[in-house]
Amino acid sequence: MAITAAIGIFPISLFAGMVLQPALGTVPVVARTALIAAIFSLAMTYAVMPALTRTLRRWLT
């Protein structure tokens, strides 16, 4: 499960670093970090992990 999480975390982190950080450059650091953490958590919980566990279900069992 840790490998599955890492596979899901990598693209979201890449997206956050390349797209969100520059777009939110004028937002204060604490607010920017909170916003990215919220987006990250929502994406992992409701989109990425369900898709990955379905895709990798044979390997995970």
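Note that these values count all heavy atoms, side chains included, but never hydrogens, waters or copies made by symmetry.
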| task | Group every Ile, Leu, Val, Met, Phe, Trp and Tyr by side-chain heavy-atom contacts under 4.5 Å, then state whether V27 and L20 land in the same group. | result | yes

| request: Could you list all the side chain to side chain donor-acceptor pair (under 3.5 Å) pairs where at least one residue sits in residues 15-37, not counting sequence neighbours? | output: Q21-R32

| field | For the student: nearest non-hydrogen atoms of G8 and P11, plus distance | value | O-CD, 3.4 Å

| task | Determine whether more than 12 heavy atoms belonging to other residues, nucleotides or ligands lie under 6.0 Å from atom CG of L42. | result | yes

| note | Smallest heavy-atom separation, V19 atom then P22 atom, equals O-CD, 3.5 Å

| Between M44 and P50, which heavy-atom pair has the shortest distance, and what is it? | O-CD, 3.9 Å

| Closest non-hydrogen atom pair between I36 and A16, with its separation | CG2-CB, 4.0 Å

| query | L35 and L24: side chain to side chain contact (heavy atoms under 4.5 Å, CB included), yes or no, with the steps? | reply | CA-CA 9 Å; L35 183 61; L24 299 173; 3.6 Å; yes

| Would M1 end up clustered with W59 when hydrophobic side chains under 4.5 Å apart are linked, directly or stepwise? | yes

| field | Hphob cluster co-occupancy, Y46 + L52, side-chain heavy atoms under 4.5 angstrom | value | no

| query | Among the clusters formed by ILVMFWY side chains lying less than 4.5 Å apart, do M18 and F10 turn up in the same one? | reply | yes

| field | Under 4.5 Å side-chain linkage, directly or through intermediates, the cluster mates of V29 | value | none

| query | Does I9 share a hydrophobic cluster with F15, counting links as ILVMFWY side-chain heavy atoms below 4.5 Å and allowing steps through other members? | reply | no

| Nearest-0.5 Å distance, OG1 of residue T55 to CD1 of residue I7 | 10.0 Å

| request: Look up atom CG in L60 and atom CD1 in I3, then write down how far apart they are to the nearest 0.5 Å. | output: 9.5 Å

